[in-house]
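One structure is given below, encoded as structure tokens.
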Amino acid sequence: MESKPCTAVADHRVIMENRKSVTMTDVKEIESFDEGEIKASLSSGAVIIKGERLTIKMLDLQDGTCEIAGLVTSLMYVKGKVKKGKCALWNFRTS
């Protein structure tokens, strides 16, 4: 199977601290959120964060920054908008 090189994305960063908080840049929109899952659009796709007791502590769409608190169990990137059936590009499970 031939691997494809990663393409450049906008200035996107994710900082996770002890599975209890996540700070992200390049956030364009929060598609949906509840205690168990947060779906956010980025300039080059989307990210789905799963966990327990998730809350959005700070969201600044003008700046593109977002801070999330709660127990993070999964962080997954998807192509395009967040919809069922999209293929994951990279999956990070903390459990």
Q) Are any non-hydrogen side-chain atoms of Ile49 and Met24 less than 4.5 angstrom apart? A) yes

Q: Could you tell me which residues satisfy side chain to side chain contact (heavy atoms under 4.5 Å, CB included) with Thr65, sequence neighbours excluded, listed by chain and number?
A: Thr25, Met58, Asp60, Asp63

**Q.** side chain to side chain donor-acceptor pair (under 3.5 Å) partner of Ser41, chosen from Glu31, Glu29, Lys28
**A.** Glu31

Q | Leu71 to Leu54 - nearest heavy-atom pair and separation | A | O-CD2, 3.9 Å

Q. Is it true that Glu35 and Arg53 have a side-chain N and a carboxylate O under 4.0 angstrom from each other?
A. no

Q) Got a sec, which residues hit side chain to side chain contact (heavy atoms under 4.5 Å, CB included) with Leu59, two or more places apart in sequence or on another chain? A) Val27, Ile30, Ile56, Leu61, Cys66

**Q.** Tyr77 vs Leu42, side chain to side chain contact (heavy atoms under 4.5 Å, CB included): CA-CA, chis, key distance, verdict
**A.** CA-CA 10 Å; Tyr77 287 96; Leu42 309 171; 3.7 Å; yes

Q) Considering residues at least two apart in sequence or located in another chain, which fulfil the salt bridge (Lys or Arg N to Asp or Glu O under 4.0 Å) criterion with Glu67? A) none

Q.
Pair Val22, Val72 - check side chain to side chain contact (heavy atoms under 4.5 Å, CB included), show working.
A. CA-CA 8 Å; Val22 174; Val72 176; 3.7 Å; yes

(Q) Donor-acceptor pair, distance only, cut-off 3.5 Å: does the side chain of Asn18 make one with the backbone of Lys20? (A) no

Q: Show your working on side chain to side chain contact (heavy atoms under 4.5 Å, CB included) between Thr73 and Arg19 and close with a plain yes or no.
A: CA-CA 7 Å; Thr73 58; Arg19 295 177 50 185; 4.1 Å; yes

Q. Given Ile48 and Val78, is the side chain to side chain contact (heavy atoms under 4.5 Å, CB included) satisfied, shown in steps?
A. CA-CA 8 Å; Ile48 300 171; Val78 295; 4.2 Å; yes

Q) Any sub-3.5 Å donor-acceptor pair from Asp26's side-chain atoms to Ser43's backbone N or O? A) yes

(Q) I need the Lys79 NZ to Ser44 OG distance, nearest 0.5 Å. (A) 12.0 Å

